[in-house]
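To start, the structure itself, in structure tokens.
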Amino acid sequence: MKQSLLKEIHDFTLFGEHADHFEYLASGKDGNVYARDNYVIKVFKEDGKSRDDGMKLHLLERSIYYPKVHTFTNDFMVCDRIFGETFYQLDGNSKKLRKQYETEINQAIFDAQNAGLNAFDLHNHNLMLSNDGEVRIVDVGRFSLEEETLQLGIFKSIFGSSHRRNRKHKRRHDHSSSRHHYRHSSSSRRHHRRHSSSYSSHSS
């Protein structure tokens, strides 16, 4: 990222300058989301519960299922912009599309576990299908560090029993295919959609 663009983003997030250069995308409990060129900027609210999205994406940088973070502070973060549509835009509240891409979603959950995170609060608004037909998770604000989860005594099941089933799968493949999980292109089925909506769910 060019230093000039980073400074512009910094001045916008902290002082509201260059506002006409940024496209408003969405607003949520924790922050407001804007776009600039191929980047998404999340500006955290002072009373938001989550202000560590950037740190979590940094932990997930080896996984193909999450956008790359470029810079983050306690006030804002900047990551890649994903072009496509959310599962909600494609399928409403139905679970049909999640079932179709269950393998990819479960792998994204495992990647989070490998990074020390628990992938809570996955739903059709923060699951996205890119214009290349690949699954991306575009909001990790509610992901919790495993240590925090143990302290809170939270033991949730994600997508029914798939979380437990795939712990066994994870143990079998930890050594033999980790490079494939992180470095190989996603095997998602192609959807020939070309839409310009992006990252609208990265605001909860």
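Values below: all heavy atoms of this structure, side chains included; hydrogens, waters and symmetry mates excluded. Fair warning: this is a prediction, and the values are worked out from it, not measured in the lab.
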Say you draw a straight line from CD of Glu23 to CD1 of Ile41; how long is it, rounded to the nearest 0.5 Å? 10.0 Å

Are any side-chain N or O atoms of Asn126 and backbone N or O atoms of His123, one a donor and one an acceptor, separated by less than 3.5 Å? yes

Report yes if the distance between the aromatic ring centroids of His125 and Tyr88 is under 6.0 Å, otherwise no. yes

Indicate yes or no for a side-chain donor-acceptor contact from Tyr66 to the backbone of Val69 under 3.5 Å, with no hydrogens or angles considered. no

With side chains defined as the heavy atoms from C-beta onward, is the minimum distance between Glu8 and Arg36 less than 4.5 Å? yes

Got a salt bridge between Asp91 and Arg98, using NZ or NE/NH1/NH2 to carboxylate O under 4.0 Å? no

Report the distance from atom CE of Met77 to atom NZ of Lys42, rounding to the nearest 0.5 Å. 6.0 Å

Is there a side-chain contact (heavy atoms from CB on, under 4.5 Å) between Tyr101 and Leu127? Walk through the geometry before answering. CA-CA 10 Å; Tyr101 289 96; Leu127 290 166; over 6 Å; no

Given the rule that I, L, V, M, F, W and Y join up when any side-chain heavy atoms are under 4.5 Å apart, are Tyr39 and Tyr24 in one cluster? yes

Between Leu60, Ile82, Asp139, Val140, which is the residue that forms a side chain to side chain contact (heavy atoms under 4.5 Å, CB included) with Pro67? Ile82

Side chain to side chain, Gln107 and Ile64, heavy atoms closer than 4.5 Å: no

Minimum heavy-atom separation for Ile109 to Ala119, with atom names? CG1-CB, 4.2 Å

Any donor-acceptor N/O pair, Arg51 side chain to Lys45 backbone, under 3.5 Å: yes

Please say yes or no: joined through hydrophobic side-chain contacts below 4.5 Å, possibly via intermediate residues, are Leu5 and Val43 part of one cluster? yes

Do the side chains of Tyr34 and Ile9 join up, straight or via other hydrophobic residues, at under 4.5 Å, putting them in one cluster? yes

Intermediate values then yes/no, side-chain contact (heavy atoms from CB on, under 4.5 Å), Leu57 and Lys68: CA-CA 7 Å; Leu57 285 179; Lys68 177 184 177 182; over 6 Å; no

Check whether Lys56 reaches the backbone of Phe143 with its side chain - one donor and one acceptor, N or O, closer than 3.5 Å. yes

Answer yes or no: is there a side-chain heavy-atom contact under 4.5 Å between Ile137 and Ile105? no

Nearest 0.5 Å, what's the NE2-SG distance between His70 and Cys79? 7.5 Å

For residues Asn131 and Gly84, report the shortest heavy-atom separation together with the two atoms involved. OD1-CA, 3.4 Å

Tested for side chain to side chain contact (heavy atoms under 4.5 Å, CB included) against Phe44, the lone hit among Asp52, Asn32, Asp53, Thr13 is Asp53

Using ring-ring contact (aromatic ring centres under 6.0 Å, His included), reason through Phe12 and Phe76 one step at a time and then give a plain yes or no. CA-CA 10 Å; Phe12 167 70; Phe76 69 93; 9.5 Å; no

Got a second to check how far Asn38's CG is from Met1's CE, nearest 0.5 Å? 10.0 Å

CE of Met55 to CG of Asn74: how many Å apart, nearest 0.5 Å? 11.0 Å

Quick one: CZ on Phe87 to CE on Met128, what's the gap to the nearest 0.5 Å? 10.5 Å

Any side-chain heavy atom of Val135 sitting closer than 4.5 Å to one from Leu129? yes

Parallel, tilted or perpendicular: rings of Phe72 and His58 (30°, 60°): tilted

Which atoms form the tightest heavy-atom contact between Arg136 and Glu134, and what is the distance? NH2-OE1, 2.6 Å

